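Just so it is clear: chains get the letters A, B, ... in the order the sequence lines come, proteins before strands, and each one is counted from 1. This one's a predicted model, so the numbers in the text were calculated from it and none came from an experiment.
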Amino acid sequence: MDYQFNQIEAKWRQIWQERQTNKITEDSSKPKYYVLDMFPYPSGAGLHVGHPLGYIASDIYARYKRLQGFNVLHPMGYDSFGLPAEQYAIQTGQHPAITTKENIARYRQQLDLMGFCFDWSREVRTSEPSYYKWTQWIFKQLFDCYYDTKSNKAERIAKLVTEFEKSGNQNCNAVNDCTEQFDASAWNQMSTQEKEAILQQYRLAYLAESWVNWCPALGTVLANDEIVNGVSERGGHPVEQKRMMQWSMRIKAYANRLLEGLDRIDWTDALKEQQRNWIGKSQGASVQFQVKNTDAQIEVFTTRPDTIYGVSFMVLAPEHPLVNAISTPDQLEAVQKYQQEAALKTERDRQADVKNITGQFTGAFAVHPFTGQDIPIWIGDYVLASYGTGAVMAVPCGDQRDYDFAKHFDLPIHNIFEGQDISEAAYTEKDAIIANSDFLNGLEAKTAMKAAIQAIEEKGIGYGKTNFRLRDAVFSRQRYWGEPFPVYYQDGLPNLVPDEQLPVTLPEVDKYLPTEDGEPPLARATKEAWSCQLGEHMEYNTMPGWAGSSWYFLRYMDPSNEQAFVSQEKVAYWQNVDLYIGGSEHATGHLLYSRFWTKFLFDQGYLPFDEPFAKLINQGMILGKSAIAYIGPDQKMYSFDCLPEEAEGFREVRILIDLINDDESIQLEALQQWQPQYANLEFVKNAAGKVIVKREVDKMSKRWYNVVTPDDLCERYGADTLRMYEMFLGPLEQSKPWDTKGITGVHGFLKKYWRLFHQNGTFEVSDSEPTPAALKTLHKTIKKLHDDLERFSFNTGVSSFMICVNELTEQKCNNRHVLEQLTILMAPYAPHICEEIWATLRPQSETIFNEQYPAFNEAFLVESSFTYPVSFNGKMRMKVELPLGLSPAEIEAAVMALPDTQKWLEGKTPKKVIIVPGKIVNMVL
RNA sequence: GCGGAUGUGGUGAAAUUGGUAGACACGCCAGACUUAGGAUCUGGUGCCGAGAGGUGUGCGGGUUCGAGUCCCUCCAUCCGCACCA
């Protein structure tokens with residue numbers, strides 16, 4: 001009987017569904033384990049072989065844990081709000097909900113083919129009102145909280161209001177953007193509007209005018225991580241800076257905890273470094289500089305307060321609010337001209353222009369707080385408005401950028417480093433002795449820093465300060481296909497929609513474009529189209545993509561709860577995710593925001609943990625091998641090996657990889673039928689009469705015609721083969737190009753495994769005692785597999801199965817015990833074939849996944865002898881078979897007694913004999 | 001520039017604590033069987049050499065009886081960040 005994978009797989013897909021084999025419930029008698037995949041955005045293109053890579057790995061691990069007796073939560077869902085569905089809606093008028101639904105159906109069909117053990121009864125979709133009701137609810141909690149620096153957690157805003165009523169904000173321990181100071185009576189005299197304006201500067205979700213990355217082509221605001229090289233990640237449109245009223249998240253409040261939490265989780269160093277880099281903690285001091293002859297003060301942040309005597313000028317960002325006020329009349333025109341030029345430049349231009357030093361003198365001077373000297377104030381676009389205070393104290397001797405600026409504009413450079421030459425470049429190391437600096441003279445940088453901060457604080461002109469690069473996250477999008485805010489406006493003030501009226505559902509609109517006067521698409525909705533009609537109007541922005549994905553892993557625990565986003569009991573049982581698998585592209589987006597929301601929900605007592613993902617693995621990307629053909633100036637297609645040396649006038653075209661044979665030649669007739677432009681194409685063939693293509697590795701994508709789909713491979717080889725082959729390709733974390741050629745090896749292995757049971761046309765296993773050799777093979781494999789899975793090395797696991805089946809075939813083993821154990825062992829990798837075999841071996845069994853994972857027994861591995869390699873001075877010369885269990889002395893005696901040993905010793909006595917029992921014997925002469 | 005990772009046959013790759021480098025698979029070569037299938041099975045396959053043997057994990061050093069593995073210098077590739085004061 002042949003291995004009929006298509007029939008077997010279809011059968012078990014159906015049985016699993018009928019018996020609800022993968023449905024799980026909270027069961028406190030078993031330990032829990034939570035295996036999670038990053039849920040996909042259901043795009044119209046469907047899945048290619050790269051998508052399931054991580055899912056296969058997590059599926060294997062989930063099934064393995066289940067066989068070990070864990071109650072495993074392994075869910076799947078869809079991140080179903082997003083731009084492509086909306087773009088499609090704009091073009092076709094089709095409602096994004098319909099496209100999304102269709103795409104999800106297609107995804108589900110493809111995922112089911114692979115035999116994943118997802119508990120689909122727990123599916124979540126971020127675009128479902130029953131889901132985003134709770135995204136809105138979490139937003140409300142964030143709006144209603146501030147970050148208390150004393151208790152070091154989020155607290156209710158009502159607590160802050162009470163404090164303001166009692167003592168104003170003089171001694172308030174809250175993270176804020178508030179620049180004004182007020183006392184209790186001032187607060188109590190404020191109007192509702194004034195109070196709310198203040199509170200917005202404390203709330204964790206707040207409305208503020210902020211610099212945003214505005215993309216005119218998309219008509220929306222983008223987050224920093226949605227911009228790649230200065231253009232939008234999606235579509236590649238230019239992005240410019242604009243000041244707009246936006247919702248933001250005060251993620252900065254959590255900067256320290258986000259940083260410190262990294263030490264407690266099992267992620268790769270690369271990923272942790274990326275997050276550390278993104279958070280960008282730096283310690284230093286904030287210092288006030290008095291502007292000469294005015295009341296104005298300029299606050300700067302510096303990491304080198306020890307170099308304060310080296311300050312010889314200041315530079316402000318062109319956008320700095322004080323620039324116009326302090327510029328002298330004779331400089332004002334030039335200053336404004338420079339400001340305009342800077343504003344026109346996109347961030348991209350500024351980045352590209354690093355080498356080009358520009359700046360403008362304001363005509364104003366500041367007073368050096370220690371020397372009292374006049375220091376000129378300049379503006380320059382190398383100073384960023386959005387970092388620190390948007391102003392720097394320039395220390396040209398210690399900072400290369402300040403040095404270059406000083407050289408370019410011929411500004412003074414004071415050397416404050418003992419014995420350092422700064423005639424060519426700044427001295428940026430922190431190991432020099434400070435000189436020419438009054439009370440700091442002779443100190444090392446470290447001590448000088450402390451002394452400087454102390455002096456600054458005593459003078460009352462500043463304080464020691466920690467600064468973060470992390471910026472608050474803009475939370476508004478001028479888009480249709482996203483979560484509406486649970487917010488309405490009354491008298492110009494934002495108000496929260498009451499819980500009873502959640503969710504605020506997405507209203508119908510006539511078009512998915514912004515309105516003519518630039519309002520977001522939701523402004524097109526009539527009042528009646530909204531699920532709640534409160535105040536003057538609802539919030540027209542929608543939430544960004546990361547809103548729904550920041551907490552979805554919690555919803556799987558309790559997907560249909562209508563009273564809470566997750567019940568206390570369920571979250572207490574499931575806790576955080578034990579193993580999270582997904583791509584590294586979310587390093588500074590999703591993974592950071594998710595940690596932020598988790599910490600917030602923890603602070604508010606909704607969760608018993610504050611890190612969402614205990615262990616994280618980034619699977620590598622599977623790349624496509626594009627096929628490139630060459631068309632000459634004569635419009636003929638040339639074989640790659642027939643290209644002239646100087647291929648001028650030749651152009652490269654990518655052709656569908658399905659049209660390429662194994663020998664890299666094109667199926668010419670199929671090509672002519674593929675696209676009309678090739679219908680009458682002529683060819684320049686090589687000596688073998690073929691047209692060869694060049695291969696290039698690209699991202700797998702429809703536009704490169706290099707997509708390989710799992711559907712085709714399941715059809716030809718079966719899901720079990722595809723699952724094992726994807727694992728066999730190499731280490732999970734590594735990116736690698738897809739190559740279908742090798743799949744026959746894995747397919748052949750499964751056939752070989754099948755033949756262990758089906759030798760003479762019938763299913764046959766022997767009930768006799770297993771041979772020692774077979775038991776040795778089995779237990780070797782059990783141990784290897786266990787170790788491989790514990791270190792997430794799925795590829796070596798597949799190899800171990802191959803070796804095992806090869807050995808058992810060679811031993812002609814068809815022993816029931818051995819084959820049963822092997823089948824359980826392999827079930828996580830190849831669930832369909834193993835279920836089929838198990839059903840034949842044990843017809844009463846419901847599923848193999850109710851069995852116990854095979855236990856390793858070392859007794860079966862013990863050998864009677866071991867063949868020692870014997871080396872002389874490290875060079876292996878002979879092999880000696882000796883019984884096991886000998887002491888090193890006995891081994892030495894046995895080896896020395898051999899005539900061959902005497903031959904290699906050439907009459908000498910070894911200086912030293914090194915013996916590692918069970919490993920090696922080495923003689924040092 | 002900074003940070004992270006990776007360099008092993010024709011190819012994908014193994015080698016878990018320093019202990020016989022190249023397991024396993026693809027490809028290739030030779031053969032068997034055959035109702036000629038893209039089936040199955042057997043043997044070979046790092047490089048040099050007829051052979052004994054030599055040599056070999058990006059380059060160059062070091063530690064060690066012994067290094068793919070540990071240390072130092074350099075080189076290459078990939079990824080992330082990038083005027084962050």
Side-chain angles (χ1 to χ4, degrees), chain A residues 2 224-225 268-278 280-282 284 300-304 307 314-315 317 350-351 353-357 380-384 386-395 398-402 404-405 467-471 584-585 587-588 618 620-621 662 716 725 728-731 733-749 751-752 755 783-784 787-788 790-791 793 795-804 806 809 867-876 879 910-916 918-925:
Chain A
D2 286 343
N224 284 331
D225 42 293
T268 60
D269 289 343
L271 201 63
K272 287 188 187 180
E273 265 321 295
Q274 263 184 65
Q275 290 216 344
R276 287 194 188 105
N277 198 331
W278 195 259
K281 183 177 184 168
S282 49
V300 301
F301 173 75
T302 176
T303 53
R304 297 292 302 275
T307 64
M314 295 184 79
V315 187
R350 276 208 197 181
Q351 275 175 29
D353 247 5
V354 173
K355 298 266 152 56
N356 206 351
I357 297 163
D381 68 3
Y382 82 96
V383 177
L384 304 176
S386 52
Y387 181 77
T389 60
V392 300
M393 56 175 227
V395 184
D399 183 289
Q400 194 55 43
R401 292 156 305 168
D402 296 344
D404 293 340
F405 196 85
N467 213 25
F468 292 96
R469 211 179 68 168
L470 183 70
R471 301 175 197 180
S584 59
E585 66 272 21
T588 48
N618 287 129
M621 210 189 321
D662 281 353
R716 282 176 68 189
Y725 184 55
F728 183 69
L729 272 178
E733 287 97 330
Q734 226 165 76
S735 286
K736 52 232 158 193
W738 178 264
D739 185 0
T740 305
K741 278 180 192 161
I743 201 169
T744 53
V746 175
H747 190 59
F749 151 74
K751 286 198 221 169
K752 212 166 172 178
R755 279 201 301 275
K783 182 173 170 36
K784 185 71 169 38
D787 293 350
D788 288 343
E790 288 304 319
R791 61 195 176 101
S793 176
N795 54 329
T796 54
V798 178
S799 298
S800 302
F801 284 124
M802 291 182 174
I803 295 167
C804 178
N806 284 346
T809 303
T867 306
Y868 281 90
V870 182
S871 319
F872 294 83
N873 278 340
K875 296 213 166 175
M876 215 271 284
K879 291 185 177 180
K911 275 189 216 150
K912 199 157 115 194
V913 182
I914 292 144
I915 291 162
V916 184
K919 292 255 164 129
I920 198 157
V921 175
N922 190 13
M923 313 248 172
V924 184
L925 302 180

Next item on the list: Mind calculating the distance between CD (A:Glu273) and P (B:rG3) to the nearest angstrom?
Entry: 9 Å

With the criterion being N/O to N/O and under 3.5 Å, what pairs connect the protein with nucleotides 35-44 of chain B, and how long is each?
{"from": "B:rG38", "atom 1": "N2", "to": "A:Arg716", "atom 2": "NH2", "distance (Å)": "2.1"}
{"from": "B:rU40", "atom 1": "O3'", "to": "A:Arg755", "atom 2": "NH2", "distance (Å)": "3.4"}
{"from": "B:rC41", "atom 1": "OP1", "to": "A:Arg755", "atom 2": "NH2", "distance (Å)": "2.8"}

Checklist line | Contacts of type salt bridge (charged side-chain N to carboxylate O under 4.0 Å, His left out), residue A:Asp399, not counting sequence neighbours | finding: A:Arg401

Check: If you look at every strand shown and take non-hydrogen atoms under 4.0 Å, does A:Phe728 touch a base, only sugar-phosphate, or nothing?
Finding: base

Notebook entry, point to check: How far apart are the closest heavy atoms of A:Val924 and A:Ile914, and which atoms are they?
Noted result: CG2-CD1, 3.9 Å

Next item on the list: Sequence neighbours left out, what passes ring pair (Phe, Tyr, Trp, His ring centres under 6.0 Å) with A:Phe301? Give chain and number order.
Entry: none

Note to self: Taking any heavy-atom pair under 4.0 Å as a contact, classify A:Ser282: base, sugar-phosphate, or nothing.
What the structure shows: sugar-phosphate

Check: What integer distance in Å separates A:Glu733:CD from B:rG12:P?
Finding: 18 Å

Check: For the pair made of NZ in A:Lys741 and P in B:rA25, what is the distance, rounded to whole Å?
Finding: 19 Å

Next item on the list: Take atom P in B:rG44 and the same atom in B:rA23, then report the distance between them in whole Å.
Entry: 12 Å

Note to self: Looking at A:Arg791 and A:Asp787, is there a salt bridge between them, counting it only when a charged N and a carboxylate O are closer than 4.0 Å?
What the structure shows: no

Margin query: Please give the distance between the P atoms of B:rC47 and B:rG9 as a whole number of Å.
Written below: 12 Å

Could you write out each protein N or O paired with an N or O of nucleotides 5-11 of chain B at a distance under 3.5 Å?
none

Checklist line | Residue closer to the 5' end of RNA chain B, A:Gly280 versus A:Ser799 (nearest nucleotide) | finding: A:Ser799

Next item on the list: Determine the interatomic distance between P on B:rU73 and the same-named atom on B:rG10; round to the nearest Å.
Entry: 31 Å

Check: Does RNA chain B take part in any stems of at least 3 consecutive Watson-Crick or G-U pairs (both distances under 3.5 Å), and if so, which ones?
Finding: B:1-7 with B:75-81, B:10-12 with B:24-26, B:27-32 with B:40-45, B:46-48 with B:53-55, B:60-62 with B:70-72

Notebook entry, point to check: So, A:Asn922 versus A:Lys912: side-chain donor-acceptor pair below 3.5 Å or not?
Noted result: no

Next item on the list: Round to the nearest Å and state the distance from A:Lys919 atom NZ to B:rA21 atom C1'.
Entry: 14 Å

Check: Which nucleotide in the list B:rA25, B:rA15, B:rC84 gets nearest to the side chain of A:Thr796?
Finding: B:rA15

Item checked: B:rG62 glycosidic torsion: syn (within 90° of 0) vs anti -> anti

Checklist line | Among B:rA85, B:rA25, B:rA23, the nucleotide that comes nearest once only the side chain of A:Ile803 is considered | finding: B:rA23

Next item on the list: Could you pull out all residues at least two apart from A:Tyr725 that satisfy ring pair (Phe, Tyr, Trp, His ring centres under 6.0 Å)?
Entry: A:Trp738

Taking N or O atoms only and anything under 3.5 Å, show me the protein contacts with nucleotides 76-80 of chain B, one pair per line.
{"from": "B:rG80", "atom 1": "O2'", "to": "A:Gln274", "atom 2": "OE1", "distance (Å)": "3.3"}

Check: What residues, two or more places apart in sequence or in another chain, satisfy salt bridge (charged side-chain N to carboxylate O under 4.0 Å, His left out) together with A:Lys751?
Finding: none

Next item on the list: Go through the structure and list residues passing ring pair (Phe, Tyr, Trp, His ring centres under 6.0 Å) with A:Phe405, not counting sequence neighbours.
Entry: A:Phe313, A:Trp378, A:Tyr382, A:Phe409

Note to self: The criterion is salt bridge (charged side-chain N to carboxylate O under 4.0 Å, His left out); which residues satisfy it with A:Arg755, sequence neighbours excluded?
What the structure shows: none

Note to self: Please encode protein proximity along nucleotides 28-34 of chain B as a string of B, S and -, counting only heavy-atom distances under 4.0 Å.
What the structure shows: -------

Item checked: Which nucleotide in B:rC24, B:rC84, B:rA85 has an atom nearest any side-chain atom of A:Val383 -> B:rA85

Item checked: Euclidean distance, atom CE of residue A:Met393 to atom P of B:rC84 [Å, nearest integer] -> 15 Å

Next item on the list: Could you state the atom-to-atom distance from NZ of A:Lys281 to C1' of B:rG3 in whole Å?
Entry: 19 Å

Notebook entry, point to check: Looking only at atom C1', what distance separates B:rA32 and B:rU20, rounded to whole Å?
Noted result: 33 Å

Check: When the C1' atoms of B:rA14 and B:rG68 are considered, how many whole Å apart are they?
Finding: 11 Å

Check: Once you round it to whole Å, what is the distance between P of B:rU20 and CD1 of A:Ile914?
Finding: 14 Å

Notebook entry, point to check: Which nucleotide in the set B:rG12, B:rA85, B:rG66 lies at the smallest distance from any side-chain heavy atom of A:Thr302?
Noted result: B:rA85

Next item on the list: List for me each residue that meets side-chain hydrogen bond (donor to acceptor under 3.5 Å, both in side chains) alongside A:Lys736, sequence neighbours excluded, and say none if there are none.
Entry: none

Next item on the list: Describe the nucleic acid contact of A:Asp788 in one word from base, sugar-phosphate, nothing, applying a heavy-atom distance below 4.0 Å.
Entry: nothing

Notebook entry, point to check: Is B:rG37 in the syn range, within 90° of 0, or in the anti range?
Noted result: syn

Next item on the list: Have a look at A:Lys784 and say if it touches a base, only the backbone sugar-phosphate, or nothing, with a 4.0 Å heavy-atom cut-off.
Entry: base

Check: Once you round it to whole Å, what is the distance between C1' of B:rA14 and CG of A:Leu729?
Finding: 15 Å

